[in-house]
Amino acid sequence: METKYIFVTGGVVSSLGKGIISASLARLLLARGYKVTIQKFDPYINVDPGTLNPYEHGECYVTADGHETDLDLGHYERFTDIRTSRANSVTTGRIYQTVINKERHGDYLGKTVQIIPHITDEIKRNVKFLGSTGEYDFVITEIGGTVGDIESLPFIESVRQLRWELGQNCCCIHLTYVPYIKAAKELKTKPTQHSVKQLQEVGIQPDILVLRTEKELPADMRRKVALFCNVSPESVIQSIDVPTIYEVPLTMHAQKLDELVLTKTGMTVSGEPDLAKWNHYLEKLHNADKVVKIGLVGKYVQLQDAYKSINEALFQSATYCDHKLDLRYISSEKLHDGNVDDVLRDLDGVVVAPGFGQRGIEGKFVALRWCREHDVPTFGICLGMQCMVIEFARNVLGLEEANSTEMDHKTPHNVIDLMEEQKTISNLGGTMRLGEYVCRFEPDSRAAKAYGATDVKERHRHRYEFNNNYRERFEQAGMKCVGENPATHLVEVVEIPDHRWYVGTQYHPEYSSTVLSPHPLFMDFMRAAIKFQENNN
């Protein structure tokens, strides 16, 4: 069959959940046996989100091939178990960079380079690239931002052109907001009507409308929207708030979103999607009657999206352990020796978060020392693992001024140091150790037992590494380097075997934890936290 292209656009306001709708539709199509992939087109001029502050855009997600991407790709992978790549995430900055490089190279044969056709052609090439591989039945493309934004116009124009080029192999879904005016006790459809009108003004008639709402939409209101927006009444779907985003595929299927898409792209609808495993997860989620308390120590705790993949990995592992997650965000900037006992003593486990820079770092050392001395299950990720090493060097090895050269380039004990190949790099974007690398474990280590394997591949996003010159001293004192890259011998995992669960990973295991395949390290950590709770009780 020819590849079908589905475009998901948004209107009225941002953050309505285009990524969740796209991922939910992908889950439904996969459950029907189709081969599906999703891509995100972001209208900002950054080449990728790698240099963006998490407060600006949430976490930076990393694909297996080492591309720094929008956090929506994390949703795509968690919902679908599909491995994304550089091809699944495109920004305005990357489009313009490519076009300008082609112009400098002389590829346009002296022609004036313009938005149309050169920028739009490059966007269309990227849209169709995954479909051209022959691997997929459906390519779902989410257009970031909202219709009417100046920066989105080249993407919307490209979608308009593709509508004509692809014919019935194309379907447009538009997500809008229906606000509830509390004082008037009324739902208002006018913002949706205006949003669709804007889309129509640039030449796109949506096939399906998804209306985000906090209140149930009456049938007559949905018929009104259909009438004013030139769509059939059955093509107006509500996306009402649900207790968990993982229920959205079920609410979409209940309103036949997957069947609508199949019909509108000329496909035959037969049978029901196989959602048995998905429903099993939701059943465990709803039936969990015990609570596990986990503390997440970091400096971006005011914005939960800054640690989105970690949050979800903890949520998934708690669910599979038949517990509800009570996740407590702890600001490392506010943590000190005077309050650490009050803040951490009621927790069943602690995760020390990744990040960059000096801010909040001393609070992480305080948390790690307290957890190590009180033998609380503790998981350090990336910078969290590096902080484990520094705290151990200071308080066990007696190297009081030990540090990372990221924080103190004059430290006499650089137990964490810049990778040699990084020392000549001045650009920040896309220059770290990024993507998937092999890690080999000591066979009897806790990490190896958790994975049930000695060789795994995990994703990285960092510049600094454990300094192997100190490795022997750490191991003699009780912190073992149990995982390393077999090609470079860079340390990937440290643990203290004499403790209940005290493990640090240089890589980011949270990136590869999904709803149907929770990450084995998070599962092992969660089981340790629950056992610790039971022992205390």
Side-chain angles (χ1 to χ4, degrees), residues 64 74-75 77-81 83 244-246 277-296 307-328 347-354 371 375-382 384-385 388 436 439 441-459 482-483 492-497 499-535:
H75 287 311
E77 291 204 13
R78 284 188 287 275
F79 272 69
T80 66
D81 278 319
R83 307 262 284 178
T244 167
I245 57 173
Y246 301 123
K277 291 182 179 178
W278 197 266
N279 284 324
H280 171 69
Y281 173 78
L282 288 173
E283 189 178 321
K284 291 183 82 67
L285 173 65
H286 295 315
N287 291 337
D289 57 357
K290 298 177 183 177
V291 176
V292 58
K293 300 184 292 292
I294 303 295
L296 179 60
Y307 303 117
K308 189 64 178 176
S309 291
I310 293 175
N311 299 353
E312 296 304 314
L314 290 167
F315 188 83
Q316 291 151 11
S317 57
T319 299
Y320 279 108
C321 289
D322 298 309
H323 278 64
K324 293 186 183 299
L325 177 67
D326 178 1
L327 183 58
R328 302 182 182 182
L347 299 174
D348 305 315
V350 173
V351 177
V352 180
C371 288
D375 201 7
V376 175
T378 309
F379 196 171
I381 300 173
C382 198
M385 171 268 202
M388 281 180 160
E436 203 171 67
C439 175
F441 300 121
E442 293 292 330
D444 60 345
S445 64
R446 177 176 282 279
K449 290 172 184 173
Y451 280 94
T454 53
D455 282 51
V456 299
K457 289 183 178 179
E458 292 284 5
R459 303 180 211 184
V482 299
E492 305 278 31
V493 181
V494 298
E495 61 183 54
I496 301 179
H499 282 55
R500 280 189 181 86
W501 209 98
Y502 196 87
V503 178
T505 63
Q506 183 59 79
Y507 52 76
H508 289 261
E510 70 273 17
Y511 289 150
S512 48
S513 187
T514 71
V515 174
L516 301 183
S517 302
H519 195 281
L521 264 187
F522 277 93
M523 287 295 294
D524 202 52
F525 167 70
M526 194 59 67
R527 283 190 287 263
I530 292 167
K531 188 175 180 180
F532 177 61
Q533 178 194 76
E534 291 170 350
N535 290 344

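The chain is numbered in sequence order, starting from 1. Scope of the values below: all heavy atoms of this structure, side chains included, with no hydrogens, waters or symmetry mates.
In this structure, Pro443 and Thr454 approach most closely via the heavy-atom pair CA-CG2, 4.0 Å. Here the closest heavy-atom approach between residue Ala528 and residue Pro377 is recorded as O-CG, 3.8 Å. Nearest approach of Met526 to Val292, heavy atoms of both residues: SD-CG1, 3.7 Å. Closest approach of Ser513 and Pro518 over heavy atoms only: OG-CA, 3.6 Å. Listed here is the closest heavy atom pair of Ala453 and Phe441: O-CD1, 3.6 Å. Between Val376 and Gly349, the shortest heavy-atom distance links the atoms CG1-CA, 4.1 Å.
Summarising the geometry, atom OG belonging to Ser317 is positioned 7.5 Å from atom CG belonging to Leu325; distances are rounded to the nearest 0.5 Å. Lys293 contributes atom NZ, which lies 7.5 Å from atom CG of Leu347 (distance to the nearest 0.5 angstrom). One finds the CD1 atom of Ile294 at 12.0 Å from the CG atom of Asn311 (value rounded to the nearest 0.5 Å). Between atom OG1 of residue Thr319 and atom NE2 of residue His286 there is a gap of 9.5 Å, rounded to the nearest 0.5 Å. Rounding to the nearest 0.5 angstrom, the gap separating the CD1 atom in Ile310 from the CZ atom in Phe315 is 16.0 Å.
Screening residues 503-520 for salt bridge (Lys or Arg N to Asp or Glu O under 4.0 Å), with sequence neighbours left out, gives no hits. Under the salt bridge (Lys or Arg N to Asp or Glu O under 4.0 Å) criterion, the residue pairs touching residues 317-327 are Lys284-Asp322, Asp326-Arg328, with sequence neighbours excluded.
Taking 4.5 Å as the limit, some side-chain heavy atom of Gln506 sits within range of a side-chain heavy atom of Cys382. Looking at heavy atoms from C-beta onward, Val503 lies out of side-chain contact with Val482 at the 4.5 angstrom threshold. When side chains are defined from C-beta on, His75 does not count as touching Glu312, because their heavy atoms never get closer than 4.5 Å. Residues Met388 and Tyr502 have side chains in contact (heavy-atom distance under 4.5 Å, counting atoms from C-beta outward). Using a 4.5 Å heavy-atom cutoff, the side chains of Met385 and Thr505 are not in contact.
Under a 3.5 Å cut-off, the side chain of Tyr320 and the backbone N or O of Val515 do form a donor-acceptor pair.
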Trace of the side-chain contact (heavy atoms from CB on, under 4.5 Å) decision for Gln316 with Phe522: CA-CA 9 Å; Gln316 291 151 11; Phe522 277 93; over 6 Å; no
Pair Gln533-Lys290, side-chain contact (heavy atoms from CB on, under 4.5 Å): steps then yes or no: CA-CA 11 Å; Gln533 178 194 76; Lys290 298 177 183 177; 5.6 Å; no
Leu282 vs Thr244, side-chain contact (heavy atoms from CB on, under 4.5 Å): CA-CA, chis, key distance, verdict: CA-CA 9 Å; Leu282 288 173; Thr244 167; 4.3 Å; yes
List the atom pairs, donor and acceptor, that lie under 3.5 Å between side-chain atoms in residues 444-451 and the rest of the protein, sequence neighbours left out.
{"unit_1": "Ser445", "atom_1": "OG", "unit_2": "Glu442", "atom_2": "O", "d": "2.7"}
{"unit_1": "Ser445", "atom_1": "OG", "unit_2": "Ala448", "atom_2": "N", "d": "3.1"}
{"unit_1": "Arg446", "atom_1": "NE", "unit_2": "Arg500", "atom_2": "O", "d": "3.4"}
{"unit_1": "Arg446", "atom_1": "NH1", "unit_2": "Asp524", "atom_2": "OD2", "d": "3.3"}
{"unit_1": "Arg446", "atom_1": "NH2", "unit_2": "Arg500", "atom_2": "O", "d": "2.6"}
{"unit_1": "Tyr451", "atom_1": "OH", "unit_2": "Glu458", "atom_2": "OE2", "d": "2.7"}
{"unit_1": "Tyr451", "atom_1": "OH", "unit_2": "Tyr507", "atom_2": "OH", "d": "3.0"}
{"unit_1": "Tyr451", "atom_1": "OH", "unit_2": "His519", "atom_2": "NE2", "d": "3.4"}

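Taking Trp501 as the reference, Phe379, Phe525 meet the ring-ring contact (aromatic ring centres under 6.0 Å, His included) condition, with sequence neighbours excluded. Qualifying salt bridge (charged side-chain N to carboxylate O under 4.0 Å, His left out) partners for Glu77, counting only residues two or more places apart in sequence or in other chains: Arg459. Residues satisfying the ring-ring contact (aromatic ring centres under 6.0 Å, His included) test with Phe79, not counting sequence neighbours, are Tyr246, Trp278.
A donor and an acceptor atom, one from each side chain of Ser309 and Arg78, are located under 3.5 Å apart.
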